[in-house]
Number of protein chains: 2
Amino acid sequence: MDGRLSQASQDYLKIIYKLASQYGRATTSQIAENLEVKPASVTNMLQKMAQIEPPLVRYKKHQGVSLTPAGEEAALEMLRHHRLIELFLHEILGYPWDEVHEEAERLEHVISEKMERRMAEVLGNPMRDPHGQVIPSHDLELTATTEFPLSELRPPQRAVIRRVHDEDADLLRHLEQLGLLPQATLTVFKHVSFDGNLHIKLDDQDEPIVLGTQITSQVFVDFVAGPQLP
Amino acid sequence: MDGRLSQASQDYLKIIYKLASQYGRATTSQIAENLEVKPASVTNMLQKMAQIEPPLVRYKKHQGVSLTPAGEEAALEMLRHHRLIELFLHEILGYPWDEVHEEAERLEHVISEKMERRMAEVLGNPMRDPHGQVIPSHDLELTATTEFPLSELRPPQRAVIRRVHDEDADLLRHLEQLGLLPQATLTVFKHVSFDGNLHIKLDDQDEPIVLGTQITSQVFVDFVAGPQLP
DNA sequence: AGTATAATTTAGGCAAGACTAAATTCAATA
DNA sequence: TATTGAATTTAGTCTTGCCTAAATTATACT
Ligand SMILES: [Mn+2]
Ligand SMILES: [Mn+2]
Ligand SMILES: [Mn+2]
Ligand SMILES: [Mn+2]
């Protein structure tokens, strides 16, 4: 009613956006689980969000919700804030990539449009966050990407890492230690069909490494043409 | 009760700290005016803040409040956050010094101790914010200062600007345009007792400038010895 | 001392956003 | 089609922090 959305609403919108991108819609219990609140609280909140002007979600009893244009815009705004902040913390303040999320989670609701713009400028209007997730543009367009799981590669394919799963700090630390970072290029030289293990070599490392599917399913790549340049 | 103070409590503590520094204690109506809430709301809040464990304020009906050690620590923590953020916005994100306050006002409640430390390191563990206000140290000590109003200088005294009043954006823009910034050194060469005007010359400028008391009372300086070096 | 005025406190409410417990609806299966 | 378990919604509370209106206290002046 005062134009500004509450932090709680913004958190609901973010998770609804994510769930709806994945499943078409978001259910009460999915939202409850993600936000760590009880389902009854979610129902209550969704009904409010559907009734304000303009409505943020389309809500019909027992059918889950999806975002209205207004809701989607607000969700993308938070997504841009979140990912810009993550990159800023990493690049400018030297945060390790497994420690940026929590801080961004709080800051995203609080920064002004000016600060968003200044951070983007200092960072060179970046396209992706430290984990490779695409940052919505200034006007909240989200460019489509083509990356797919590393686990789908077969020898002798070559690829560049675009993005990694960003919700498991242990995984992130492990990936960093292995050198599995966005931008890294690699060649697959062996696939073991029994356990799904993939033997790869990173272009900028000498030793090959062997990766289980727990890892390869969480690293997303694009094909890259040609052999490694010497 | 969960260890973390609400944003509202933190705002109360900040303003109580400021008022108590100035007047020894803070009254209900002073706090209400500064926070733009009604006095009844303040009374209510003060009673809560006096009753939690540990108490944040000493409260006695009709006598105003002062901070307990716990309250003062929390207030200094906010002060450190606020001033570090102001400097960070100015130095790293290029904010003009008259636009840093609002943003800092929101961010100060939200940054982690880690982010506080990282910002301080990137800034070289600074002592003062963009307006020259002293930043409490990491362990929340506030070093004493000796500065006094520029309006008290008389020719041919020389001084260095340490701090300027930071609560009037128009004044800040005007001071910047005049070159009246912290660190600037100057010589007073004329005082007009009728209107209090002060004629000064900044060391790094050629033209002298004339300042009314509206300005000279809001700029704080320390004496500096000797003549301007060529 | 007695009274007007200002400051403060009390009392009662409201909105947001969470919770628990109980009721309802859906969907799968017998 | 009837049953049943899971998901969802409803109903009623709670806490935080604000509000207005009314009561009270302090202060200053005659
Ligand atoms: Mn934005
Ligand atoms: Mn990320
Ligand atoms: Mn701190
Ligand atoms: Mn300042």
Side-chain angles (χ1 to χ4, degrees), chain A residues 1-16 19-20 22-53 55-66 71 74 78 105-106 108-110, chain B residues 1-16 19-20 22-53 55-66 71 74 78 105-106 108-110:
Chain A
M1 192 163 274
D2 76 341
R4 203 57 191 290
L5 297 181
S6 69
Q7 169 158 343
S9 299
Q10 291 177 331
D11 283 333
Y12 276 86
L13 291 173
K14 273 204 315 174
I15 192 61
I16 294 167
L19 292 168
Q22 211 172 139
Y23 307 110
R25 68 203 186 87
T27 69
T28 300
S29 46
Q30 283 175 325
I31 298 167
E33 190 174 358
N34 275 277
L35 294 179
E36 296 181 276
V37 299
K38 302 297 172 184
S41 306
V42 174
T43 297
N44 194 269
M45 189 63 151
L46 294 180
Q47 290 172 347
K48 281 184 195 162
M49 291 171 67
Q51 279 173 264
I52 64 176
E53 200 51 51
L56 299 170
V57 299
R58 278 177 285 267
Y59 170 80
K60 267 187 165 165
K61 282 186 196 180
H62 299 278
Q63 298 194 200
V65 284
S66 58
M78 280 309 100
E105 201 61 34
R106 281 174 284 110
E108 64 189 5
H109 306 288
V110 158
Chain B
M1 192 161 277
D2 76 341
R4 201 60 192 290
L5 297 181
S6 69
Q7 170 159 342
S9 299
Q10 291 178 329
D11 282 332
Y12 276 86
L13 291 173
K14 273 205 314 174
I15 192 60
I16 294 167
L19 292 168
Q22 211 173 136
Y23 306 111
R25 67 204 188 88
T27 69
T28 300
S29 47
Q30 284 175 325
I31 298 167
E33 191 175 358
N34 274 277
L35 294 179
E36 297 181 272
V37 299
K38 302 296 172 183
S41 305
V42 174
T43 297
N44 194 268
M45 189 62 152
L46 295 181
Q47 290 173 347
K48 281 184 197 162
M49 291 171 68
Q51 281 174 260
I52 64 175
E53 201 50 51
L56 299 169
V57 299
R58 277 176 286 267
Y59 170 80
K60 268 187 166 164
K61 283 186 193 178
H62 299 279
Q63 297 192 201
V65 284
S66 58
M78 281 309 101
E105 202 62 34
R106 281 174 284 110
E108 63 189 6
H109 305 288
V110 158

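Chain A is the first sequence line, chain B the second, and so forth, proteins listed ahead of strands; every chain is numbered from 1.
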Original post:
Nearest 0.5 Å, what's the OG-NE2 distance between B:S9 and B:H109?
Top reply: 10.5 Å
Original post:
NZ of A:K48 versus C1' of C:dA15: gap in Å, rounded?
Top reply: 7 Å
**OP:** Measure from the side chain of B:A8, starting at C-beta and using heavy atoms only, and say which of C:dT9, D:dG17, D:dC19 lies closest.
**Re:** D:dG17
Original post:
How close or far is atom P of C:dC26 from atom CD of A:Q63, stated in whole angstroms?
Top reply: 8 Å
Original post:
How would you list all residue pairs meeting salt bridge (charged side-chain N to carboxylate O under 4.0 Å, His left out) that involve residues 5-16 of chain B, not counting sequence neighbours?
Top reply: B:K14-B:E105, B:K14-B:E108
Subject >> Nearest heavy-atom neighbours spanning B:A74 and B:L13 >> reply: CB-CD1, 3.6 Å
Subject >> Atom-pair distance (NZ on B:K60; C1' on D:dA26), nearest Å >> reply: 16 Å
**OP:** Find the distance A:M49:CE to C:dA18:P and express it as a whole number of Å.
**Re:** 11 Å
**OP:** To the nearest 0.5 Å, tell me how far B:Q30 CD sits from B:R25 CZ.
**Re:** 7.5 Å
Subject >> Gap between atoms CD and C1', on B:Q7 and D:dT15 respectively (whole Å) >> reply: 17 Å
**OP:** List in numerical order all residues of residues 38-47 of chain A for which some heavy atom is under 4.0 Å away from an atom belonging to DNA chain C.
**Re:** A:K38, A:A40, A:S41, A:M45
Original post:
Would you say C:dT10 has OP1 or OP2 under 4.0 Å from some side-chain N or O of B:K61?
Top reply: yes
**OP:** Going by the side chain to side chain contact (heavy atoms under 4.5 Å, CB included) test, name the single residue among B:L56, B:N34, B:I31 that passes it with B:I16.
**Re:** B:I31
Taking only N/O atoms, report every protein-nucleotides 2-6 of chain D pair under 3.5 Å with atom names and distance.
none

Subject >> Those residues of residues 27-35 of chain B lying under 4.0 Å from DNA chain D by at least one heavy atom >> reply: none
**OP:** Could you state the atom-to-atom distance from OH of B:Y59 to C1' of C:dA7 in whole Å?
**Re:** 11 Å
**OP:** Could you tell me the separation between the CD atom of B:Q51 and the C1' atom of D:dT15, rounded to a whole number of Å?
**Re:** 15 Å
Taking distance alone, no hydrogens or angles, what donor-acceptor pairs closer than 3.5 Å link side-chain atoms of residues 37-47 of chain B to residues at least two apart or in another chain?
{"from": "B:T43", "atom 1": "OG1", "to": "B:P39", "atom 2": "O", "distance (Å)": "3.4"}
{"from": "B:Q47", "atom 1": "NE2", "to": "B:Y59", "atom 2": "OH", "distance (Å)": "3.3"}

Original post:
Taking NE2 from A:H62 and P from D:dT8, how many angstroms apart are they, rounded to a whole number?
Top reply: 9 Å
Original post:
Is the shortest side-chain N/O distance from A:Y12 to OP1 or OP2 of C:dA18 below 4.0 Å?
Top reply: yes
**OP:** Quick one: pull up OG1 in B:T28 and CD in B:Q63 and give me the separation to the nearest 0.5 Å.
**Re:** 11.0 Å
Original post:
Can you name the residues that form a side chain to side chain donor-acceptor pair (under 3.5 Å) with A:R58, not counting sequence neighbours?
Top reply: A:S66
